[in-house]
> 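Quick one: the structure is below, questions incoming.
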There are 6 protein chains.
Amino acid sequence: MARSDGRNDEQLRDIKLTRGFQEWPAGSVLVEFGKTRVLCAASVTEGVPRWRKGSGLGWVTAEYAMLPSSTNTRSDRESIKGRVGGRTHEISRLIGRSLRACIDLAALGENTIVIDCDVVQADGGTRTAAITGGYVALADAVTWLGAAGRLADPQPLSCAVSAISVGVVDGRVRLDLPYEEDARAEVDMNVVATDAGTIIEVQGTGEGATFTRSTLDKMLDLALAGCAEINTRQAQALAEPYPGTLPEPRP
Amino acid sequence: MARSDGRNDEQLRDIKLTRGFQEWPAGSVLVEFGKTRVLCAASVTEGVPRWRKGSGLGWVTAEYAMLPSSTNTRSDRESIKGRVGGRTHEISRLIGRSLRACIDLAALGENTIVIDCDVVQADGGTRTAAITGGYVALADAVTWLGAAGRLADPQPLSCAVSAISVGVVDGRVRLDLPYEEDARAEVDMNVVATDAGTIIEVQGTGEGATFTRSTLDKMLDLALAGCAEINTRQAQALAEPYPGTLPEPRP
Amino acid sequence: MARSDGRNDEQLRDIKLTRGFQEWPAGSVLVEFGKTRVLCAASVTEGVPRWRKGSGLGWVTAEYAMLPSSTNTRSDRESIKGRVGGRTHEISRLIGRSLRACIDLAALGENTIVIDCDVVQADGGTRTAAITGGYVALADAVTWLGAAGRLADPQPLSCAVSAISVGVVDGRVRLDLPYEEDARAEVDMNVVATDAGTIIEVQGTGEGATFTRSTLDKMLDLALAGCAEINTRQAQALAEPYPGTLPEPRP
Amino acid sequence: MARSDGRNDEQLRDIKLTRGFQEWPAGSVLVEFGKTRVLCAASVTEGVPRWRKGSGLGWVTAEYAMLPSSTNTRSDRESIKGRVGGRTHEISRLIGRSLRACIDLAALGENTIVIDCDVVQADGGTRTAAITGGYVALADAVTWLGAAGRLADPQPLSCAVSAISVGVVDGRVRLDLPYEEDARAEVDMNVVATDAGTIIEVQGTGEGATFTRSTLDKMLDLALAGCAEINTRQAQALAEPYPGTLPEPRP
Amino acid sequence: MARSDGRNDEQLRDIKLTRGFQEWPAGSVLVEFGKTRVLCAASVTEGVPRWRKGSGLGWVTAEYAMLPSSTNTRSDRESIKGRVGGRTHEISRLIGRSLRACIDLAALGENTIVIDCDVVQADGGTRTAAITGGYVALADAVTWLGAAGRLADPQPLSCAVSAISVGVVDGRVRLDLPYEEDARAEVDMNVVATDAGTIIEVQGTGEGATFTRSTLDKMLDLALAGCAEINTRQAQALAEPYPGTLPEPRP
Amino acid sequence: MARSDGRNDEQLRDIKLTRGFQEWPAGSVLVEFGKTRVLCAASVTEGVPRWRKGSGLGWVTAEYAMLPSSTNTRSDRESIKGRVGGRTHEISRLIGRSLRACIDLAALGENTIVIDCDVVQADGGTRTAAITGGYVALADAVTWLGAAGRLADPQPLSCAVSAISVGVVDGRVRLDLPYEEDARAEVDMNVVATDAGTIIEVQGTGEGATFTRSTLDKMLDLALAGCAEINTRQAQALAEPYPGTLPEPRP
């Protein structure tokens, strides 16, 4: 039984990483997984939140949001509802946690990097796309800080981070679900991994159904292979020079 | 005394209107005035707000917001602050009011069109860019509704709407201020006009300074000429066919 | 075609300015334009908001609100709704901006003056009445600060500020619209001006209709004449001695 | 030891009840107890809250608030803080409860009366002044409803309601405390009573100190005598004709 | 006419005070009045709120809340509604005020004690149970602070505090109303008293009905006798040693 | 290297399930995992949320919260902060999702069951304790609905649900982490499983560290064995009769 977009079960959608999408942030990456498009911007500010001051450690955090026009049916704006929903909170925390796993906060020095992940178009897998693009934006922001001579240590990034969704649809384990599959998946899992092949986060949920240990194992195999492939794309993208003008080192 | 970007005082920045920027909304336009980039999406829903039900009239409203990464220095997310700021409210209301001026709500029938104007990159004049791009998105949404056979009357749009900023900078009246000029302008004015040359809205403010009646007149001259030029660009963009697939009429 | 209250098109309503309406604020003025009644209180506090500390500059800001019982049909209390509406925000910002145009904040020294404009009875033109009364309250607060020896410079006020509404009703340009006219006006404009005849703010909006440049010019003529007349009333009111006891200068 | 305003311990401040203070509400009373001034407006709306629909019973509720400029030192606006404080809630509930004690809600029919009590100037005893003035406004609103032929039964008011503060200051039991006494009172009590001499509400609090049963008895004696005197003033005020135009009965 | 639970009109329900109910807070007491169960926890933190810093005075405050599952019909969670209701505010303030009456805040030193009163099961009289149990938790927290050598003065408690409800039900004055009586009481009163027999707070409300001075006197007699009996139970409970390990004094 | 509480790495803490802890909810269970204590109450209401009406399906949802006094250091009350935090949202959603996996919502009929999980004492593993206790409360609520004759089908529960935490501490994979271990765990995982041995949810997170696939496998082994053991305890607890009085079937 073929997938509606013609892919094999273990195949990723087309992935595109456009660096330098915006002018002002130190890192700005438009990431695309098929029709899913997320704008990931890494903004640098000097200093850290109050509770961290004087620790010598930096801070990396993330905020995820969807444009109202990004979904098939327009969704309400959370600023107008006056509160951030549970799903938004959950995903923001996941992205921040995942990206902090690849950075040495002591080497970062007392700088804060905020990764804003704004979904421009949603077609499934926005949170894993956000982590994938967020890592590239973060890498650019670190390059920017390095050029400015503001890092405590020259190489704070210890690994690369990528993420992918996997699930059980129509009784088959499939990689990188678009919305159409995600909406009717029996099991839904997101895996965040490093380019060393280790795992940062695993979140698997039976939606209505439960799943066996052997299905779980199969999903993990597929997801880790997908992450490895995404790591290659990230490395290719980052092999290009920094898109824009790097700052002068401070005197 | 030349402008920092080399323009004459009465010259607009480069304007680009990209229709069909997103897949799902009935109208989706990325509008650019120089480095200022605003994504204007017109989403259609059947029915109208409760207070309007049964009136036979449709409704058009707008919501303006800035991505945190759109500004030179990252701005806080209003959803997280839990309240929409005064400036955001003011601009949303201005856009909605301006676009309602060009549409016959009885002809629209009991449909609601929400125009989301999300600033992707801010370099001055975001509200006037939003109105300019919002009109084009609205026109596409109306085309979409017409194809679907859901309009009460075939042609609800009575005119085209454009907007531009004008101000006094360094003692000179100038058109289409980028951020660098806007931030130090003595007088700042926004004008919304129709392609018939009539005015929908005028908002002029002395920033620190006050201004004479004759300066006001000069600003109006410049702004109305600018609006006429923008109308031409809108007409050119809309001369192209609808970007995407139009719906079938309902049986 | 006569106006329902018998006035000519270019005639103001009866204006009354009662200084010293309340005991505690440094300035407290009840301003009346016909049935419209707004209580404008100028409260002085030492120091300035955090973001301004150490600048040597003072701060003037305004808050506008309507009593629930001030409107024809009772309106809900914004404190209970838990958020300040867009209209309230917009008007508060307009009043603050307008009054800051007449005061030298360096001469004020690091003092804050809050102008509270609470509408006791609404019959059109509450925002322009608030600016008109707010100026007189501000002038009294400045006198109070001067007597207390707390100004950085003896005369911080550079001009007087007044405001009036003007509009197109029944196809005629008319000054100072009561609610009954305002509700059905085709064009609605507010003008804030100084006693030097210069303009601080112009806000004109077509309500449903658009308007020509020549109508705009006619509205400006009428409004500026109205502002000049209001300036005279303000000057007469302020010619009376300070209502209440002035503080002793600090030793 | 004399009181700072020269009164005897058991003497009320000057009381003034001005009916018809505002144009639009069915009842509008400015009540003054010395320098304390509260605007009490009774607004009528047809129908009752959802949870009461179809019961045949009406509803009376109250909202208390202080103008920022009403207090000696300006207080922050609760609408801007985004939440109504505990004290405001408590007093609003007290006023509503007290006024519901005098009205037969079945006789009122399915009408809602909201009593807005906005403090214009605060000098102690604002909540008891609000109840006292609120009763007069309520009586006017009932007269208005009667004239309009909208009452289920001609006389829904079963008694008159008044309220007064009493306390222990400088070791002496005193009636009707102004702010200066209230702020340093050892015991503070509010009593709400009917013109039949019965009690609706008693709230007595030791502020720092505790108090004996015999002090409590003495405070009750003084307060009930004060309430009786206030009832007389209310009756005198209400002996005058309705201030304004009564509606025609519905056909 | 007997009470539904077989008690005499002047009889208390069974009272139980379980100290050391939780592990972490310095004081933790489960108080039971019949089926009403409230968990009262006294948490100690060093320092005082900002507005009190440097005064040498400590601070005691209380927060009251009901578990959603504590009421006969599940009640909504205030955290989810996003605002604390009027009743909750009122009761929290009452508990804090009552407990502050028994403690010398100078002797407490710059420490803060928060008394959390969470209703586990509600059957009438939760606020008076909270005060009764809160006092015992407070006493334990004071013992804890004393052992830690953190009091400015060894004995900050000047008296014991207890509270009880009383009311008029079926025309009879009754003590300690369960929910079934409370819901249909004509008059409802709460009295907070000290073990010296003096009064801290009296709150009596006619619910629909009003009440005479002589009924008020009778209710006060009954309530003060009830408070005395509760004081005995508190003293018995506190005669047992501190439940848990006391801290070592600071060096 | 032994664990601080003397357990083996693969050993659970003492588990206690007390049914009938509260009087009013249809199910009320106090669950204890060592010092961790969570009160799980299942409240039944007739009908379903608006978006589900007429579907014939029931609804099960959960709300998780911590008492301020439940944590080592007092935590602020979310009702007072005015917003529910991200962690609370995340856990509430996890509990609801997990418990919905074991119930046939069509068999439940149009009834709503809310599972309130209020943490009385926190010592690690509160979310997994909440799921474990929540299942038992849910089972009691289903029994209650069955007795009342309100189920669409006699046996809506398809399996039992339990949950446990597992992690890597000091380089060792350990089951059921108390707070002391959880706070310094390198990897932290929660597993929700059925008594059929299938998985409902897996959430594993590297805290600072990442983890290999083989560590993940080992954690899953341990967690699934733990869940099986907890299922036995749940079955034992539910083998006792319903604690309290079951309702009569509706006529």
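In what follows, chains carry the letters A, B, and so on, assigned in the order in which the sequence lines appear, proteins first and then strands, with residues in each chain numbered from 1.
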> Relative to chain B, which segment of C:Asp221 carries a heavy atom at a distance below 4.5 Å: side chain, backbone, both, or neither?
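Both parts, backbone and side chain.
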> Can you say whether C:Val192 sits under 4.5 Å from chain B via the side chain, the backbone, both, or neither, judging by heavy atoms?
neither
> So do the side chains of C:Gln203 and B:Val202 get within less than 4.5 Å of each other, counting heavy atoms only?
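Not in contact.
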> Identify which part of C:Asn190 has an atom lying under 4.5 Å from any heavy atom of chain B, answering side chain, backbone, both or neither.
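Neither; nothing under 4.5 Å.
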> Does the side chain to side chain contact (heavy atoms under 4.5 Å, CB included) test come out yes or no for B:Thr205 and C:Leu94, once each step is laid out?
CA-CA 9 Å; B:Thr205 305; C:Leu94 169 64; over 6 Å; no
> Determine the option with the most heavy-atom pairs under 4.5 angstrom with chain B, choosing from C:Arg213, C:Arg100, C:Arg83, C:His89.
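Greatest number of close heavy-atom pairs with chain B: C:Arg213.
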> What part of C:Thr194 is in contact with chain B, defined as an atom under 4.5 angstrom from a non-hydrogen atom: side chain, backbone, both or neither?
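Answer is side chain: those atoms of C:Thr194 sit under 4.5 Å from chain B.
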> Hey, are the side chains of C:Glu90 and B:Arg93 touching, using non-hydrogen atoms and a 4.5 Å cut-off?
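Answer yes - side chains close enough.
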> So which heavy atom on B:Ile200 is nearest to which on C:Phe211, and how close?
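Looks like O-CE2, 3.8 Å.
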> Just give me the residue among B:Leu216, B:Leu220, B:Ile199, B:Thr210 that pairs up with chain C most often, heavy atom to heavy atom, under 4.5 Å.
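Of the candidates given, the most pairs with chain C belong to B:Ile199.
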